[in-house]
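Heads up: the structure comes next, in structure tokens.
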There are 2 protein chains.
Amino acid sequence: MNSGASPLLEATVTELALALGQLVRRVRAESNPDGLTWSQTAALARLQAAGATTTADLARLEQVKPQSMGATLAELEREGLVERTPHPSDGRQVLFALTDAGVEARRKSSAAKQSWMLAAIAELDPQQQQTLIAAAALLSRLAGAHLKEGAA
Amino acid sequence: MNSGASPLLEATVTELALALGQLVRRVRAESNPDGLTWSQTAALARLQAAGATTTADLARLEQVKPQSMGATLAELEREGLVERTPHPSDGRQVLFALTDAGVEARRKSSAAKQSWMLAAIAELDPQQQQTLIAAAALLSRLAGAHLKEGAA
DNA sequence: TATTGTTATACTCTATAACTATA
DNA sequence: TATAGTTATAGAGTATAACAATA
């Protein structure tokens, strides 16, 4: 199907996938030694942006299964970076939020962890930086495009 | 150092990392049922672009350790998609290349596997498409920026 | 001694399946 | 019966360490 698709766009998809792979490995490789993994950092960032949130909602935001998010949150809780409070009206749900230590970890993390990427972007010319800023939003949109929503 | 870094760029790094995570999961989730995994697809794409290549060179291209690339190539060989030939002058090296089945797998793969991404990009307006085309190259460049090269 | 590649082992991330508790 | 979360298990993808063969 869609055999008339633009060859340029096809090449772009391939190039994008390849670049993505490289970049993901780089982020992972560069991220770590202090302890927080990438998915932990991402969950922390989502919690900071969204405030108290349930496992299921976080899973939707990050587009992983609730079980996967549950495992990440359990580890963050074990490390004292997030804490759980029961949902006020629904006994099944659990709300997660950053602890003070979690906020602090976030602060350090943003600055330090991807500093290599920040430095690399800082060296680009302004127009290229603009391209990346615009691309960040587009990539996020792409990730969620045409998802068969499990529920409404 | 660089405590005066632009807050806008810092936010971009965070947003980029978040978008990257989502997109990678989506690519992986969307990719599979036919058998080829993402890293296998990437290795195949590199081999098609570069021709006969050693494990170490492929590892450099994909920015993984030679052992990791070795595992991927071993699996592809088991599936008959790549074949090895001894290096003509250096007995330590092994050259890998696509088999006919590998070329065919590539052809199908480009078209089918990331068709969801192709469709999503096709729906963007031309300027946004241009942004992504430019971003693909920039992201790849970012991935390799300031790498401490193990050797020269 | 340095380089290419292999084997063995471990960890992260994620998924699916099965279960409990609550709605 | 449907939803939120947990527990158990498995597989992909990668890394590090230790090793063999060749340069």
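The sequence lines fix the lettering, A, B, ..., with proteins before strands; numbering per chain opens at 1.
Atoms CG and CD1, from A:Leu16 and B:Ile133 in turn, are 10.0 Å apart once rounded to the nearest 0.5 Å.
Scanning all heavy atoms of the two residues, the minimum distance from B:Leu9 to A:Ala122 falls at CD1-CA, 4.1 Å.
Regarding contacts with the backbone of C:dT14, a side-chain N or O of B:Arg25 is found under 4.0 angstrom from either OP1 or OP2. Taking only side-chain nitrogens and oxygens, B:Thr37 never comes nearer than 4.0 Å to OP1 or OP2 of D:dA12. Put simply, B:Ser39 has no side-chain N or O that comes within less than 4.0 Å of OP1 or OP2 on D:dA12. The phosphate of C:dT14 (OP1 or OP2) has no side-chain N or O of B:Arg28 nearer than 4.0 angstrom. OP1 or OP2 of D:dT6 has at least one side-chain nitrogen or oxygen of A:Arg84 nearer than 4.0 Å.
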- [ ] Check step by step if side-chain hydrogen bond (donor to acceptor under 3.5 Å, both in side chains) holds for B:Arg106 and B:Gln48.
- [x] CA-CA 8 Å; B:Arg106 260 310 282 160; B:Gln48 187 171 52; 3.0 Å; yes
Open item on the list: Show, in sequence, the C-alpha distance, side-chain angles and deciding distance for B:His87 and B:Val94, and conclude whether the side-chain contact (heavy atoms from CB on, under 4.5 Å) test is met.
Closed with: CA-CA 5 Å; B:His87 191 285; B:Val94 181; over 6 Å; no
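Rounded to whole Å, the distance from CD on B:Gln93 to P on C:dA2 is 18 Å. The interatomic distance linking A:Trp38 (CH2) with D:dA15 (P) rounds to 14 Å, in whole Å. We find that CZ of A:Arg92 is positioned 13 Å from P of D:dA2, with the value rounded to whole Å. The CG atom of B:Leu20 sits 15 Å away from the P atom of C:dC13 (whole-angstrom rounding). At whole-Å resolution of the value, CZ in A:Arg60 and C1' in D:dT3 are 10 Å apart. When the C1' atom of D:dT3 is taken as reference, atom CG of A:Asp57 falls 12 Å away, rounded to whole Å. Protein atom NE2 of B:His87 is 16 Å distant from nucleotide atom C1' of D:dA21, rounded to whole Å. Protein atom CZ of B:Arg26 is 13 Å distant from nucleotide atom P of C:dA15, rounded to whole Å.
In this structure, B:His146 and A:Glu123 have side chains that are in contact, with non-hydrogen atoms separated by less than 4.5 Å. Between A:Phe96 and A:Leu76 there is no side-chain heavy-atom pair separated by less than 4.5 Å.
Side-chain N or O atoms of B:Arg26 include one that pairs as donor or acceptor with a backbone N or O of A:Ala143 at under 3.5 Å.
Contacts with DNA chain D (heavy atom under 4.0 Å) in residues 69-82 of chain A: none are found.
A donor-acceptor contact under 3.5 angstrom links the side chains of A:Ser140 and B:Gln22, judged on distance only.
Between A:Thr55 and A:Gly21, the residue anchored closer to the 5' end of DNA chain D is A:Thr55, taking for each the nucleotide with the nearest heavy atom. The residue among A:Asp90 and A:Val64 whose nearest nucleotide of DNA chain C lies closer to the 5′ end is A:Val64.
Atom CZ of A:Arg141 has 12 or fewer neighbouring heavy atoms from other residues, nucleotides or ligands inside a 6.0 Å radius. Crowding of A:Asp125 atom CG: a count of heavy atoms from other residues, nucleotides or ligands under 6.0 Å exceeding 12.
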Do any N or O atoms of the protein come closer than 3.5 Å to N or O atoms of nucleotides 16-19 of chain C, and which pairs are they?
residue, atom, partner, partner atom, Å
C:dA17, N6, A:Gln67, NE2, 3.0

